[in-house]
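Residue numbers start at 1 and run along the sequence shown. Heavy-atom basis, side chains included; hydrogens, waters and symmetry copies ignored.
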Amino acid sequence: MARPPLPLGTWGSIRIHGRVDGEWVPKAEIPAGTKITSWRAMAKYRAHDGVTRQMERRSSSETKARRSLREALGKLVSQQTALDSGTRFKDAAALYLDQIQTRRRGTTYDRYKGRLALTFHGGR
């Protein structure tokens, strides 16, 4: 029987790998005393769109990599807002514009904002 999917807006267990001789090796398989050049923390995250994606963060120490990943996942969870059938288009558009503003250049944001203003205010 298949494993049930992660609930929306959550992540699975965090896995740690160390970089040994140019290869990523799971922490449990790294021999004691081996020099680790970099650490990578990974986890699967299921967004509110239902898609599960792998997130990862790298750092010079295991603790920093793990902390950085937790912070990134926490930001994702706080940014994600589930839309439902009762959500007004205007509210969904405002959420979308917020995402565009953080990920795109100002001209894209301005263009999208202008188009939505025409939609909501009829060109006023």
Open item on the list: Within this structure, what is the CD-NE2 distance for the pair Glu29 and His17, rounded to the nearest 0.5 Å?
Closed with: 7.5 Å

Task: Ser59 to Ser38 - nearest heavy-atom pair and separation - done: O-OG, 3.5 Å

TODO: Please state whether the rings of Tyr96 and Tyr112 are parallel, tilted or perpendicular, taking 30° and 60° as the class boundaries.
DONE: parallel

Task: Inter-residue atom distance Glu56.CD - Ser68.OG, 0.5 Å rounding - done: 10.5 Å

Task: Nearest-0.5 Å distance, CD of residue Glu23 to OG1 of residue Thr37 - done: 11.0 Å

Task: Candidate pair Trp39 and Arg66, rule side-chain contact (heavy atoms from CB on, under 4.5 Å), full reasoning - done: CA-CA 9 Å; Trp39 290 92; Arg66 186 183 300 270; over 6 Å; no

Task: pair Arg40-Trp24: side-chain heavy atoms closer than 4.5 Å - done: yes

Task: Closest non-hydrogen atom pair between Gly12 and Leu6, with its separation - done: N-CD1, 3.8 Å

Open item on the list: Please give me the minimum heavy-atom distance between Ala41 and Ala65, naming the atom from each residue.
Closed with: CB-O, 3.5 Å

Task: Rounded distance [0.5 Å steps], NZ in Lys44 versus CE in Met55 - done: 14.0 Å

Task: Nearest-0.5 Å distance, CG of residue Leu97 to CG of residue Asp110 - done: 10.0 Å

- [ ] Treat each ILVMFWY residue as a node, draw an edge where side-chain heavy atoms are under 4.5 Å apart, and state whether Leu69 and Ile16 are in one component.
- [x] yes

Open item on the list: Show the nearest heavy-atom pair for residues Ile14 and Ala43, with the distance to one decimal.
Closed with: CG1-CB, 4.1 Å

Open item on the list: Any heavy-atom pair between the side chains of Ile36 and Glu62 that's under 4.5 Å?
Closed with: no

Task: Enclosure of Arg53 CZ (heavy-atom neighbours >12, cutoff 6.0 Å) - done: yes

- [ ] Could you grab the distance from atom CZ of Arg57 to atom CD of Glu71, nearest 0.5 Å is fine?
- [x] 10.0 Å

